[in-house]
Amino acid sequence: MFFAYKAGVLLEGGNMFVQHSDGFIRLNLACPKATLEEGLRRICEAVNDKHTEKYLGEE
């Protein structure tokens with residue numbers, strides 16, 4: 001739920017759709033390009049913020 005709370009993007013575990021896919025996520029690419037770009041930007045920002053928090057010891 002990290003991405004849902006931090007990025008406002010809902011990702012689903014790959015294991016809901018394919019066997020032996022633990023550790024993978026599923027992205028819906030059936031959307032306008034602008035929507036996909038915005039979602040990916042938010043995901044990147046959330047990951048970068050989390051990395052910065054960890055690096056600076058703010059966790």
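What's counted below: heavy atoms across the whole structure, side chains too, no hydrogens, waters or symmetry copies. Being a predicted model, the structure only gives us computed values, none of them experimental.
- Leu36 is not connected to Leu10 by any chain of hydrophobic side-chain contacts under 4.5 Å among Ile, Leu, Val, Met, Phe, Trp and Tyr, and they are in different clusters.
- Between Arg42 and Ala7 the shortest heavy-atom distance is CD-O, 3.0 Å.
- Within the 4.5 Å cutoff, side-chain heavy atoms of Ile43 are placed close to those of Phe3.
- Side chains of Leu40 and Leu27 form a contact here, defined as non-hydrogen atoms less than 4.5 Å apart.
- The structure places CG of Leu11 at 10.5 Å from CZ of Phe2, a figure rounded to the nearest 0.5 Å.
- Between atom CD of residue Glu37 and atom SG of residue Cys31 there is a gap of 10.0 Å, rounded to the nearest 0.5 Å.
- Applying the side chain to side chain contact (heavy atoms under 4.5 Å, CB included) rule to Cys44 yields no partners; only residues at least two apart in sequence or on another chain are considered.
- Taking the side chain to side chain contact (heavy atoms under 4.5 Å, CB included) definition, one finds that Phe24 meets it with Ser21, sequence neighbours left out.
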